[in-house]
Protein chains: 2
Amino acid sequence: MGRTQTFDTGEVVRAARGVFWKHGYEAASVPALEAATGLRRSSIYNAFGSKRGLFDAAVASYLDEIVRPRLEPLKAELPAPNAILDYLHGLRTGLEQAGSFTSANGCLLINTAGAPIADDATVRDTVAAYRAELREAIGNGLRRHLADVPADQVERLTETCTALVVAAYALTRVDNASALSSIDTALDLIDRA
Amino acid sequence: MGRTQTFDTGEVVRAARGVFWKHGYEAASVPALEAATGLRRSSIYNAFGSKRGLFDAAVASYLDEIVRPRLEPLKAELPAPNAILDYLHGLRTGLEQAGSFTSANGCLLINTAGAPIADDATVRDTVAAYRAELREAIGNGLRRHLADVPADQVERLTETCTALVVAAYALTRVDNASALSSIDTALDLIDRA
DNA sequence: ATATTAGTAGAACGATCATTACAAAAACGA
DNA sequence: TCGTTTTTGTAATGATCGTTCTACTAATAT
């Protein structure tokens, strides 16, 4: 067979992911992606087909390497009683570290959901699936934490908390103070339930 | 003196505002602005200097014609006791009307706050001033509505409600269900206070 | 009426965009 | 070592971006 790939695909996708994350799909220029990945146009197009292909790979890697690990504790068959609180506190401290890349740039998926690329049906589906996954995890954590609270009340609280978490992510790039307030509100509501 | 302007500036700005509102600053192309305003490039550049100049005019008109009228009842010296509830309910029903332009496209300023144009210092300042104005109005309405609630508690609630309103706007283009949830949470928190 | 001023129309500019084409170089299997 | 396969480097493509230039038209003041 011929020559084997010299670059590490995972690493390249991670580098590209950072560019998409920071600037959004449309503002992430191919030259910028070249600089970040260290690859030339030809290699990128050969490996991923298009800018869009690279973006899809970046989103997949985002879900696998960033989102799912963070939700892991909540998705367990029987989560720890305070897993939901740990999750929210983790989010909060993340938001407080202004220097952190993740906190400064919010969530890749929610960022793209508000951008022109979101007109694409596939992207819409991905974002919707992500929100459902988030909601399911939060619901699971809440049911465990509030075992003695009526189910329908927990259900409503799940919806609210999901909205607040999504809001916090949506707000990180807009107004960090509001983002923190969203998380605090969620914690407060759980505390009172 | 020479010829006088034949088009109505206010109307042109409103038309351009719609394009910026829907597509964002960077995705609003000059041809699209020409089509919406009915003006040619030359007239636009003659009247507003640049695409950015037209955008600034659009933002100013947005504040004057959309934002401030809506906040008016809250900014009065002594607002109606339920002015804050009316405001939030108005927001909510707006969000429910999926066909409405305003609801479908959220808030022009908050949309731009999450876009690349937000790197511009002037735009940042405008957005920050807008948030302060919103917060002040909400605080005024809450103080009147919750006259017998401790001041520091009202203060905290003001911060939270402002965050939730900003979140609702930020979410309209991302996830309408979350946006509605944000408003409901605000109403719920006021109800409990 | 005439000179002046400003609005209008449309072409043209340079820059940048994503993408493709093509030739040279490099690494594998045999 | 040789042929194959893929990567790589560079150039070129066509489209679109925001902006500018120039000629022309229209309306006002004298």
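A note on names: the letters A, B, ... follow the listed sequences, proteins ahead of strands, and every chain is numbered from 1.
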Can you see which heavy atom on P79(A) is nearest to which on N140(A), and at what distance?
-> CG-ND2, 3.6 Å
Closest non-hydrogen contact found for A193(B) with L146(B) is CB-CD1, 4.1 Å
Scan residues 37-50 of chain A against DNA chain D and write down, sorted by residue number, each residue with any heavy atom closer than 4.0 Å; if none is found, say none.
-> R40(A), R41(A), S42(A), S43(A), N46(A)
Got a sec? Which of residues 5-36 of chain A come in under 4.0 Å of DNA chain D, heavy atoms?
->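 Within this stretch, T6(A), F7(A) sit under 4.0 Å of the strand.
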Does anything in residues 111-127 of chain B reach DNA chain C, meaning a heavy atom under 4.0 Å, and if so which residues?
->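 None, since no heavy atom is under 4.0 Å.
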Give a yes-or-no answer on whether the side chains of Q97(B) and T93(B) include a donor-acceptor pair shorter than 3.5 Å.
-> no
Cationic tip of K51(A) within the cone over Y45(A)'s six-membered ring, i.e. under 6.0 Å and within 45° of the normal?
->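 Because its charged atom misses either the 6.0 Å distance or the 45° angle limit, K51(A) does not stack over Y45(A).
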State whether [X] and [Y] are salt-bridged, where the test is any N-O pair (Lys NZ or Arg NE/NH1/NH2 against Asp/Glu carboxylate O) under 4.0 Å.
X      : Y       : result
R70(B) : E133(B) : no
R14(A) : E65(A)  : yes
R92(B) : E96(B)  : yes

Give the rounded distance in Å between these two atoms: CZ of F55(B) and C1' of dT19(D).
->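 Distance check: F55(B) CZ to dT19(D) C1' gives 19 Å.
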Residues in side chain to side chain donor-acceptor pair (under 3.5 Å) with R52(B), at least two apart?
->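 Listed in chain order: D56(B), D120(B).
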Only counting residues at least two apart or in another chain, list the ones meeting side chain to side chain donor-acceptor pair (under 3.5 Å) with S178(A).
->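 So S178(A) forms a side chain to side chain donor-acceptor pair (under 3.5 Å) with D175(A), R131(B).
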Parallel, tilted or perpendicular: which describes the rings of Y25(B) and F20(B), with under 30° parallel and over 60° perpendicular?
-> parallel
Beyond-backbone contact of L171(B) with N176(B), side-chain heavy atoms, under 4.5 angstrom = no
Please assess R135(A) against E155(A) for the test salt bridge (Lys or Arg N to Asp or Glu O under 4.0 Å), listing each intermediate value before the final yes or no.
-> CA-CA 10 Å; R135(A) 204 201 115 99; E155(A) 193 63 21; 2.5 Å; yes
N/O-N/O pairs, protein side and nucleotides 23-25 of chain D side, under 3.5 Å:
none

